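Lettering of chains follows the sequences in order, A, B, ..., and the numbering in each one begins at 1. All heavy atoms count here, side chains included; hydrogens, waters and symmetry mates do not. In this text the structure is predicted, and so the values were computed from the model without any measurement.
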There are 2 protein chains.
Amino acid sequence: MAKQRELRVTRQRERGTRAASGPVSAELIEREAIRLFGERTYPVVGMRDISDAVGILPGSLYVHINSKEDLLIKIVERGIRSYLDAIAPIAESEQSATIRLRKAIKAHMLVLATALEQTRVSFHQWTYLSSEHKERVILMRQRYEELFSRILNDGISSGEFRDLSNPRIAVLALIGMLNSATEWYSPTGPLSPEALSEVLADNALIGLQK
Amino acid sequence: MAKQRELRVTRQRERGTRAASGPVSAELIEREAIRLFGERTYPVVGMRDISDAVGILPGSLYVHINSKEDLLIKIVERGIRSYLDAIAPIAESEQSATIRLRKAIKAHMLVLATALEQTRVSFHQWTYLSSEHKERVILMRQRYEELFSRILNDGISSGEFRDLSNPRIAVLALIGMLNSATEWYSPTGPLSPEALSEVLADNALIGLQK
DNA sequence: CCTACCGATCGGTAGG
DNA sequence: CCTACCGATCGGTAGG
């Protein structure tokens with residue numbers, strides 16, 4: 001008995017990852033999956049990597065979860081929802097389009113900074129979902145895009161923004177700029193998410209020219 | 001003999017893809033690999049998918065190529081090089097920073113439009129390379145970033161651009177915006193690459209505000 | 001949560 | 001370029 005326990009602890013140490021102890025749960029598994037998918041992407045992370053990270057054997061994962069894809073679905077949907085929840089109230093508020101855009105950009109960067117790896121999975125790895133689940137994600141992404149479209153269109157109507165020849169492209173370019181932060185944002189870098197969001201908002205609103 | 005030939009032709013038709021005939025070559029294999037990696041990403045495309053696409057059996061691929069990773073290396077390096085070749089002469093020319101930036105954005109969109117799938121692989125899938133090759137790619141990406149940094153810094157010095165509080169972030173955001181086109185550019189869409197590049201250049205230079 | 005295992009698929013090779 | 005095959009690894013399960 002004591003020996004068995006020792007072996008198990010050793011194995012966990014060889015797997016090298018889990019903090020001290022605490023019970024394995026679905027939440028812990030999802031947390032480690034977010035980290036691993038975010039670092040190395042869904043298709044190249046094996047269930048054995050995840051089981052190593054939480055300190056159990058591969059087959060035992062299925063006591064807590066249903067399938068690998070189920071992990072991905074949950075991560076992706078929760079991730080996109082956190083962006084919708086943060087930005088919808090801003091986009092739908094009564095303030096000027098200029099202020100709403102600044103606030104939306106700031107909210108985006110704050111969510112991104114507090115959930116960097118989840119964002120990487122949510123925005124780039126939903127493509128690995130099977131087609132039924134992919135459709136649900138596409139709908140959520142459209143809602144997200146519409147929030148920015150609303151702000152831009154309101155700003156054009158009110159005369160705050162110039163008459164964009166193609167607002168759709170402007171929205172996609174703006175979102176593309178924001179999402180690119182998953183590739184260059186560093187929590188240990190010199191600029192806070194707030195400071196970064198000001199740089200990005202200035203770029204989007206004022207542009208580079210003097 | 002005739003029967004064997006018939007069977008082979010049938011098998012190729014079942015694989016369903018290859019245009020008529022023509023000899024299989026390393027170039028053909030690379031072309032199909034670009035398409036498949038671009039559509040579904042490197043780790044989930046099997047050598048059997050590639051051999052099906054070119055109409056031979058999996059083992060026969062290795063007459064023409066060395067390894068799966070070798071395919072990826074060639075695609076990624078050729079892809080990035082096409083961007084460097086297009087933009088370096090512009091960034092290093094004697095024109096104003098404003099004009100150089102417009103031209104660089106246009107050149108970027110033209111390369112992207114003529115090699116959309118190769119761009120997807122080059123900019124997002126180099127992370128699947130083993131570490132030695134990854135380092136080479138990182139150096140090429142730095143050179144690419146420096147081309148835009150030069151234009152922006154020149155523009156600030158000359159007084160064409162405003163005094164950006166953080167030019168590095170502005171460059172990363174700009175490149176992020178351009179690269180996001182791999183996710184939304186459609187060759188069958190209404191706007192030409194030239195038209196798109198004008199929209200993007202206006203956004204980057206003038207911004208959204210009136 | 002482990003033991004013990006499953007069929008399927010992976011990139012790649014020897015020998016012709 | 002095919003035939004025939006390799007060891008390794010994959011996600012997942014039965015039974016305790």
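Within 6.0 Å of the NZ atom in A/Lys103, the count of heavy atoms belonging to other residues, nucleotides or ligands does not exceed 12.
B/Glu117 pairs by the salt bridge (charged side-chain N to carboxylate O under 4.0 Å, His left out) definition with nothing, not counting sequence neighbours. With sequence neighbours excluded, the residues forming a salt bridge (charged side-chain N to carboxylate O under 4.0 Å, His left out) with A/Glu39 are A/Arg35, listed by chain and number. By the salt bridge (charged side-chain N to carboxylate O under 4.0 Å, His left out) test, B/Arg143 pairs with no residue at all, sequence neighbours left out. Residues passing the salt bridge (charged side-chain N to carboxylate O under 4.0 Å, His left out) test with A/Arg81: none are found, sequence neighbours excluded.
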Treat a base pair as Watson-Crick or G-U wobble with both distances under 3.5 Å, then lay out DNA chain C in dot-bracket form, 5' to 3', with | for cross-strand pairs. ||||||||||||||||
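When the nucleotides D/dC2, D/dC1, C/dC1 are ranked by their closest atom to the side chain of B/Leu57, D/dC2 comes out on top.
Contact record, A/Arg150 with A/Ala91: CD-O, 3.6 Å, taken as the closest heavy-atom pair.
At a threshold of 4.5 Å between non-hydrogen side-chain atoms, the residues B/Leu101 and B/Leu174 count as touching.
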The contact string for nucleotides 9-16 of chain C, one letter per nucleotide 5' to 3', using protein heavy atoms under 4.0 Å with B, S and - for base, sugar-phosphate only and none, comes out as -BBBB---
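A salt bridge does not link A/Glu198 to A/Arg102: none of the charged nitrogens lies less than 4.0 Å from a carboxylate oxygen.
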